[in-house]
Q: 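Take this structure first; my questions come after.
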Amino acid sequence: MFTVDEFEAVAQRKLDPVYYDYIAGGSRDEVTVRANLDGFGRLSLLPRVLRGSAQRDLAATLFGARSSMPILISPTAFHRLVCTEGELATARAAARADTIMIASMASTVAVGEVAAAARAAAPADHEPTLWFQLYLQPDLDDTTALIARATKAGCKALVVTVDSPVLGANERNHRNRFHDLPPGMACENLRNLRGDEPGHVRQIAMSPELSWDHIDWLREHTELPVLLKGVLHPEDARIAVDHGVSGLLLSNHGGRQLDTVPATIDLLPEFVAAVGGRVPLLLDGGVRRGTDVVKALALGAVAVGVGRPIVWGLAAGGEDGATRVLELLRDELDHTVALCGARGLADLTPDLVRPAAGSRR
């Protein structure tokens with residue numbers, strides 16, 4: 001297989017249709033799911049010439065951690081739905097590709113085991129980097145326990161999802177009556193959160209009452225960098241920086257929360273202006289090609305995340321499939337950087353990106 005889309009096609013053939021719909025689908029009419037993909041197509045690349053290099057530097061350093069490329073694994077839930085080893089295979093793929101994995105709070109493997117799998121797969125002289133995606137829980141004791149677990153596992157940052165005051169309305173799931181994991185699977189990060197509940201798996205609670213005060217509380221209760229994932233309004237980006245967050249992951253949850261919000265690539269220039277370089281900006285949503293990565297980096301992102309493509313890789317070929325997806329994207333990124341006349345990521349500047357012909361941007 002030579003493209004991410006080919007991995008999705010194989011995954012669709014192999015998976016239970018209910019599980020495929022869960023992964024592929026979004027909220028309501030899935031306008032935002034399509035917009036994320038279409039947004040990159042509305043942009044063209046305008047390359048420079050006669051200033052490249054035989055070898056391109058693709059490495060990125062994020063919050064003190066080096067990644068061999070600016071393509072990270074964004075958090076996605078329930079990997080054991082598509083692969084027996086689940087997030088263990090994902091962690092090994094990330095380690096083999098020498099990139100950062102953001103472990104989902106809704107993982108079907110506990111974060112400590114995920115971290116151990118990554119360390120076992122990494123070269124002996126290299127410490128893999130794992131971040132932890134966190135939903136702030138209204139019961140702050142639960143949140144404290146989750147922070148402790150992520151920290152003990154060796155996670156180097158907390159990525160706090162803030163776009164989920166309530167659960168998005170996925171109509172594919174409703175039609176399929178898919179509302180819970182099958183027997184034998186659970187959100188393992190929520191097992192045994194409290195000492196008086198041995199074996200019990202708590203539910204992820206979403207609360208519209210969460211506020212900026214909770215972000216302040218979180219920063220007081222961890223020494224890890226805190227990134228916010230799901231801020232979409234530029235004014236909220238400014239507020240986030242004022243509250244001392246370490247970074248922002250510009251994300252619309254893959255179109256799985258509020259439908260009809262813009263594609264993240266459409267919002268990126270406004271976010272760059274709002275943040276003014278005070279914190280790093282990352283982006284996910286619709287990244288399927290190396291050209292997508294270059295467009296996002298040129299417009300001001302320091303890295304991009306991929307979610308569904310990794311799950312398609314897992315479904316199609318387990319750990320090897322996920323690794324292949326990452327290496328495909330790396331190869332495409334390197335090829336695109338070369339064709340843009342760049343020597344590395346530092347040469348990817350906004351002047352390389354233009355609205356495509358006929359675009360109303």
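What you see below is based on every heavy atom in this structure, not just the backbone, and it leaves out hydrogens, waters and symmetry mates. Along the sequence shown, residues carry numbers from 1. Everything quoted here is computed from the prediction, not taken from an experiment.
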Q: In terms of heavy-atom contacts, does NE2 of His221 have more than 12 from other residues, nucleotides or ligands at under 6.0 Å?
A: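 Yes.
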Q: Could you check whether Thr108 and Glu87, counting side-chain N and O atoms only, form a donor-acceptor pair closer than 3.5 Å?
A: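 Result is yes, a qualifying pair exists.
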Q: Any ion pair linking Glu235 and Arg238 (charged N to carboxylate O, less than 4.0 Å)?
A: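 Yes, this pair counts.
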Q: Going by heavy atoms in the side chains, are Leu43 and Leu299 under 4.5 Å from each other?
A: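 Side chain of Leu43 against side chain of Leu299, heavy atoms only: contact under 4.5 Å found.
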Q: Between Asp21 and Arg172, does at least one N-O distance fall below 4.0 Å, as a salt bridge requires?
A: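 Salt bridge between Asp21 and Arg172, a charged N being under 4.0 Å from a carboxylate O: yes.
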Q: Looking only at atom types and distance, does a side-chain atom of Thr143 sit under 3.5 Å from a main-chain N or O of Gln137, one as donor and one as acceptor?
A: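 Confirmed, Thr143 side chain pairs with Gln137 backbone.
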Q: Going through the checks in order, is the side chain to side chain donor-acceptor pair (under 3.5 Å) test met by Thr3 and Asp5?
A: CA-CA 5 Å; Thr3 69; Asp5 286 346; 5.3 Å; no
Q: Does the pair Arg278/Asp242 count as a salt bridge with the N-to-O cut at 4.0 Å?
A: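 Salt bridge present between Arg278 and Asp242.
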Q: Counting only N and O atoms by type, is there a donor-acceptor contact under 3.5 Å from the side chain of Arg80 to the main-chain atoms of Gly184?
A: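 The answer is yes, because a donor-acceptor pair under 3.5 Å joins these two groups.
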Q: Could you check whether Thr99 and Arg330, counting side-chain N and O atoms only, form a donor-acceptor pair closer than 3.5 Å?
A: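 Not at all, the side chains of Arg330 and Thr99 share no donor-acceptor pair under 3.5 Å.
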Q: Considering only NZ, NE, NH1 and NH2 on the basic side and carboxylate oxygens on the acidic side, decide whether Asp141 and Arg194 come within less than 4.0 Å.
A: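 Salt bridge between Asp141 and Arg194, a charged N being under 4.0 Å from a carboxylate O: no.
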Q: Only counting residues at least two apart or in another chain, list the ones meeting side-chain hydrogen bond (donor to acceptor under 3.5 Å, both in side chains) with Asp292.
A: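 Partners of Asp292 by the side-chain hydrogen bond (donor to acceptor under 3.5 Å, both in side chains) criterion come out as none, since no residue qualifies.
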Q: Using a strict threshold of under 4.0 Å (side-chain N to carboxylate O), is an ion pair present between Arg96 and Asp320?
A: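 Yes, Asp320 and Arg96 are salt-bridged.
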Q: Within a strict 4.5 Å, meaning less than it, do heavy atoms of the Ile23 and Leu15 side chains meet?
A: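 Side chain of Ile23 against side chain of Leu15, heavy atoms only: contact under 4.5 Å found.
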Q: With no hydrogens and no angle check, do the side chains of Asn252 and Thr264 hold a donor and an acceptor under 3.5 Å apart?
A: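 Result is no, nothing qualifies.
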Q: Is any side-chain heavy atom of Leu268 closer than 4.5 Å to one of Lys295?
A: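 Side-chain contact under 4.5 Å: no.
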Q: With side chains defined as the heavy atoms from C-beta onward, is the minimum distance between Asp57 and Leu345 less than 4.5 Å?
A: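 In short, these two side chains do not touch, never coming nearer than 4.5 Å.
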Q: Taking distance alone, no hydrogens or angles, what donor-acceptor pairs closer than 3.5 Å link side-chain atoms of residues 116-125 to residues at least two apart or in another chain?
A:
from	atom 1	to	atom 2	distance (Å)
Arg119	NH1	Ala153	O	3.4

